[in-house]
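Step one of this worksheet: look at the structure below.
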Number of protein chains: 2
Amino acid sequence: MTIRIGIMGYGNLGRGVECAIKQNPDMELAAVFTRRDPKNVRILTEGAKVYHADEAKHMTDKIDVLILCGGSATDLPVQTPEYAKYFTVVDSFDTHARIPEHFAAVDAAAKEAGNVAVISAGWDPGMFSLNRVYANAILPDGKDYTFWGKGVSQGHSDAIRRIDGVKDARQYTVPVESVLERIRNGETPELTTREKHTRECYVVAEEGADLARIEKEIVTMPNYFSDYDTTVHFISEEEMKRDHSTLPHGGFVIRNGKTGWNQENTHVIEYRLKLDSNPEFTSSVIVCCARAAFRMKQEGMSGCKTILDIPPAYLSAKSGEELRKNLL
Amino acid sequence: MTIRIGIMGYGNLGRGVECAIKQNPDMELAAVFTRRDPKNVRILTEGAKVYHADEAKHMTDKIDVLILCGGSATDLPVQTPEYAKYFTVVDSFDTHARIPEHFAAVDAAAKEAGNVAVISAGWDPGMFSLNRVYANAILPDGKDYTFWGKGVSQGHSDAIRRIDGVKDARQYTVPVESVLERIRNGETPELTTREKHTRECYVVAEEGADLARIEKEIVTMPNYFSDYDTTVHFISEEEMKRDHSTLPHGGFVIRNGKTGWNQENTHVIEYRLKLDSNPEFTSSVIVCCARAAFRMKQEGMSGCKTILDIPPAYLSAKSGEELRKNLL
């Protein structure tokens, strides 16, 4: 039985979901929904159709799981509880601090409708969260570290673009390698923000702009840059296009912990991602969560779930028997 | 409510479980069972008692989860189905090829009795399996690699000890670092056994033994050494005791996979363990599986489960709310 997927929102993430569906033979793209004029949205999948977002609610019989590919700031807080009334849904809500309230709103809607809604699918929140939870459960006496990068932070890039005289910008978050090495060796240092990551900015300035002023505005920007060692490189538009047009990312979750009657033994658990494309990897996680959501719904479950609630085998297209034989 | 744990078998693993229980305030050690004379078994936990293995079946009202700490070769194939008739149980059965038949036998017994039985808890099978399953589900178009070490292989150490003229031996499995580096960089080479790991042996010979003959018997031993580049070091009993008395282990699970409409992007997922004590880390995984088994039993589930069937949150002592707030 093929799982029929609907995609709500066709940006980087929506396109990533479309690509991931192609790699999973147990799924098919049933429809793409957009707030733009559907005539102006070209998708990759032959035979699949683009509809206006308003039509989704009338297509509950054609879609098994609706994947919500909007942004966490304004789209998902509204869309996920709304569409959970009609569909089994998955989103990638990633504003960590607001997850509890998002969970509560989605849980109420999904339970009322008898649907399953998986929120915060992706890698952080998502696979990184999973690894924090596993490592904390295994080693209760220990310390966690999460490092991000090297990768493009869209929020920080946008913050630079808002500076007067900046035409384009790309910001990379870079973990401090020497600190990573210490932690891998079992040390558990207390680290300041500045000691964990550096920030590298590539900026295209308007002609005649005051570069010194722009650089100063960047490195002193509160919340975004002032707590970090920040480097600013001014480059040409051509260089930006040539060298900085992809969205790589990744990072590390490490937990060091002690075991033994007198805590005499140290263990290091490390999970690392090195991603050529942040949105495509996120989409790939979302798509296996869609499979799990479909199965949970079929089993009669309802309500809001996160990847922490999903039995790992539910994410896989393989049967329990196959998994035990070949991957356990 | 405290989870009352029984330990069946008090070797390295049983002692590790005892230490792990001490780190988890929601658990307590209710009893240790042994096939030896209980009078001769000294345990670490004050107030806990040692009983003969035969008494376990009469203590079902005193124990919530019985952890089976026997060996996979002969103990667990008998013990796990047997004790699943009386208790919620966890084992660390690690003969990969025989997992399907062990699962079937345990599943039948546990279902019949209405108990939950978690098998193959540990790190491989266990956490490594989990990471293979997650990575395969996320990146269906890719290739897996599992490397073990640097660490002591007890099976290989035992094989050397059986050679005539060998008094003691310790064998380390060592991953080939240069190959690891290639895979981390996104390459997906086809590798022979010899290219992935080397084997380092430390041997104490009997006085006057023929060292050249011992070395030759080791490096040519089929299944264990003949497919590897093996180095043999003859050392004194004092050196063995001083430098090789612990049981470190660990390893790497890496999956490289492609995404994108034309597979244009590469991603690397890496999970790494670096363990001072193989049995204590295994025990720590077993103990969180005991927590999960207890919860599944309380929810009315029954039958055989592996870590692939356990919602990650069930392994943690923290509530779903706490996990979403602090670790998601």
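Per chain, numbering begins at 1; letters A, B, ... match sequence-line order.
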**OP:** Using non-hydrogen atoms and a 4.5 Å limit, figure out which bit of B/Tyr271 sits close to chain A: side chain, backbone, both or neither.
**Re:** both
Original post:
Side chain, backbone, both or neither: which part of B/Leu139 has a non-hydrogen atom closer than 4.5 Å to chain A?
Top reply: side chain
Original post:
Among B/Gly257, B/Cys289, B/Ser277, B/Ala313, which residue forms the greatest number of heavy-atom pairs with chain A at distances under 4.5 Å?
Top reply: B/Ser277
Subject >> Interchain contact, B/Leu328 with chain A, by part (heavy-atom threshold 4.5 Å) >> reply: both
**OP:** Examine whether an atom of B/Asn256 lies under 4.5 Å from a heavy atom of chain A, and if so say whether it belongs to the side chain, the backbone or both; otherwise answer neither.
**Re:** neither
**OP:** Name the option with the most non-hydrogen atom pairs under 4.5 Å to chain B; the candidates are A/Ile99, A/Val253, A/Thr146, A/Val287.
**Re:** A/Ile99
Subject >> Selection from B/Gln263, B/Arg184, B/Lys305, B/Glu264 maximising heavy-atom pairs under 4.5 Å formed with chain A >> reply: B/Arg184
**OP:** For chain B, find which of A/Arg132, A/His267, A/Gln23 contributes the most heavy-atom pairs closer than 4.5 angstrom.
**Re:** A/His267
Original post:
Between B/Asp144 and chain A, which part of the residue has a heavy atom less than 4.5 Å away: side chain, backbone, both or neither?
Top reply: side chain
Subject >> Pairs of heavy atoms under 4.5 Å with chain B: top-ranked of A/Glu321, A/Met127, A/Arg15, A/Lys325 >> reply: A/Met127
**OP:** To the nearest 0.5 angstrom, please state how far the CG atom of B/Leu275 sits from the CG atom of A/Asn265.
**Re:** 10.0 Å
Subject >> Euclidean distance, B/Ser284 OG relative to A/Asp141 CG, rounded to 0.5 Å >> reply: 10.0 Å
Subject >> Verdict with supporting geometry, B/Lys274 and A/Asn185, side chain to side chain contact (heavy atoms under 4.5 Å, CB included) >> reply: CA-CA 9 Å; B/Lys274 196 177 143 199; A/Asn185 289 328; 3.6 Å; yes
